[in-house]
Chemist: 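A single structure is presented below for examination.
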Amino acid sequence: MEEILSLQFKGIPNSVFVISFLILSVLIVLVFIQRKNHRETLRSVLSMMFVVYVFLMFCSTVVCREIKETHNLELIPFWNYNDIFVSRNPMSYWEVLLNIILYSPIGFMIGCISKKLLPTILICVLLSVVTEVLQLVLHRGLCETNDVIHNTLGGFIGWSLYSSLRGRLIKLRAKKAIGY
């Protein structure tokens with residue numbers, strides 16, 4: 001299981017994680033010191049978390065990967081589903097699942113910041129396409145349409161989770177306001 005979870009973050013030096021965490025922590029403390037409005041503070045913190053998460057994601061998917069000699073390009077959607085459903089290759093299954101999971105926090109954070117689905121989907125598609133093109137140009141992985149599809153699905157799932165939680169919180173506040 002450990003090697004499956006390390007698929008997405010392999011190659012990133014621990015120092016990158018530590019430095020990212022420290023910078024984010026300092027920025028969050030500074031925001032809390034300077035801002036009095038809680039909603040504005042939350043948006044600022046989420047925006048910073050989003051930037052750090054995207055930075056770490058680019059590190060894991062592009063920057064810290066080994067250089068390959070050839071361009072790897074796969075434009076046929078769902079090309080590896082045969083491995084998943086017929087050959088029952090667990091690595092193909094986990095690659096799909098991890099691509100979905102990788103973008104779920106992005107969808108959640110963008111939902112918290114903008115509250116709208118369309119910007120969430122557009123940002124997820126854009127980030128995913130940029131990642132795939134960089135992988136192709138820099139010879140740092142397989143550029144494939146599957147990843148864009150699965151990443152966008154992950155972003156949608158993250159946004160849906162945010163939207164569901166927000167709806168429940170609104171209902172709870174309404175019940176408290178009425179006196180239930």
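Just so it is clear, the values below take in all heavy atoms, side chains as well, and ignore hydrogens, waters and symmetry mates.
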Chemist: Could you grab the distance from atom OG of Ser128 to atom CD1 of Ile149, nearest 0.5 Å is fine?
Modeler: 9.5 Å
Chemist: Linking I/L/V/M/F/W/Y whenever their side-chain heavy atoms sit closer than 4.5 Å, directly or via other members, would Leu73 and Val148 fall into one cluster?
Modeler: no
Chemist: How close do Thr120 and Gly155 get, counting heavy atoms only, and between which atoms?
Modeler: CG2-O, 4.0 Å
Chemist: Taking a hydrophobic cluster as the set of Ile, Leu, Val, Met, Phe, Trp and Tyr residues connected by side-chain heavy atoms closer than 4.5 Å, whether directly or through intermediates, do Leu117 and Leu122 fall within one such cluster?
Modeler: no
Chemist: To the nearest 0.5 Å, what is the distance between OG on Ser163 and CZ on Phe108?
Modeler: 10.5 Å
Chemist: CZ of Phe78 to CG of Asn80: how many Å apart, nearest 0.5 Å?
Modeler: 9.5 Å
Chemist: Does any part of the side chain of Leu136, heavy atoms only, come nearer than 4.5 Å to the side chain of Asn72, both counted from C-beta?
Modeler: no
Chemist: Please determine whether side-chain contact (heavy atoms from CB on, under 4.5 Å) holds for the pair Thr131 and Asp147, giving the CA-CA distance in whole Å, both sets of side-chain angles, and the decisive distance to 0.1 Å.
Modeler: CA-CA 9 Å; Thr131 300; Asp147 286 355; over 6 Å; no
Chemist: Verify whether the ring centers belonging to His150 and Tyr93 lie closer than 6.0 Å.
Modeler: no
Chemist: Under 4.5 Å between side-chain heavy atoms, hopping through other hydrophobics if needed: is there a path connecting Leu172 to Tyr162?
Modeler: no
Chemist: Using modelled atom types only, decide if a donor and an acceptor are shared between the side chain of Arg140 and the backbone of Lys68 within a distance under 3.5 Å.
Modeler: no
Chemist: Is a donor on one side and an acceptor on the other found under 3.5 Å between the side chain of Thr145 and the backbone of Leu75?
Modeler: yes
Chemist: Report whether Leu142 and Val96 are members of the same hydrophobic cluster (ILVMFWY, side-chain heavy atoms less than 4.5 Å apart, transitive linking).
Modeler: no
Chemist: Side-chain contact test, heavy atoms from C-beta onward, threshold under 4.5 Å: evaluate it for Ile84 versus Trp94 and give yes or no.
Modeler: no
Chemist: Would you indicate whether Met48, at its atom CE, is surrounded by more than 12 heavy atoms from other residues, nucleotides or ligands within a distance under 6.0 Å?
Modeler: yes
Chemist: With the side chain counted from C-beta on, respond yes when Leu127 and Asn151 share a heavy-atom pair under 4.5 Å apart, and no when they do not.
Modeler: no
Chemist: For Cys124 and Ile106, run side-chain contact (heavy atoms from CB on, under 4.5 Å): C-alpha distance rounded to whole Å, both residues' side-chain angles, the deciding distance at 0.1 Å, then the answer.
Modeler: CA-CA 7 Å; Cys124 288; Ile106 292 174; 3.9 Å; yes
Chemist: Give a yes or no answer on whether the side chain of Ser92 reaches the backbone of Arg88 with a donor-acceptor pair at less than 3.5 Å.
Modeler: no
Chemist: Between Glu132 (side chain) and Glu144 (backbone), is there a donor-acceptor pair under 3.5 Å?
Modeler: yes
Chemist: Hey, could you give me the CD1/CG distance between Ile123 and Leu126, rounded to the nearest 0.5 Å?
Modeler: 8.0 Å
Chemist: Passes side-chain contact (heavy atoms from CB on, under 4.5 Å), Tyr53 versus Leu102? Steps please.
Modeler: CA-CA 10 Å; Tyr53 188 84; Leu102 181 67; 3.7 Å; yes
Chemist: Should we count NZ of Lys116 as having more than 12 external heavy atoms under 6.0 Å?
Modeler: no
Chemist: Is the backbone of Arg43 close enough, under 3.5 Å, to the side chain of Ser47 for a donor and an acceptor to pair up by distance?
Modeler: yes
Chemist: Within this structure, what is the CD1-CE distance for the pair Ile113 and Met49, rounded to the nearest 0.5 Å?
Modeler: 9.5 Å
Chemist: Do the side chain of Ser114 and the main chain of Ile110 share a donor and acceptor less than 3.5 angstrom apart?
Modeler: yes
Chemist: How about Ile76: does its CD1 atom have over 12 heavy atoms from other parts shown lying under 6.0 Å from it?
Modeler: no
Chemist: Does the side chain of Tyr103 reach to within under 4.5 Å of the side chain of Thr152, using non-hydrogen atoms?
Modeler: no
Chemist: Calculate, to the nearest 0.5 Å, the distance between atoms CG and CZ belonging to Leu134 and Arg65 respectively.
Modeler: 12.0 Å
Chemist: For Phe55 and Phe58, I'd like to know if the aromatic rings sit close, meaning centre-to-centre distance below 6.0 Å.
Modeler: no
Chemist: For a 4.5 angstrom cut-off between non-hydrogen side-chain atoms, does Asn146 reach Trp79?
Modeler: yes
Chemist: Is Met57 reachable from Val130 through a run of hydrophobic residues whose side-chain heavy atoms are each under 4.5 Å from the next?
Modeler: yes
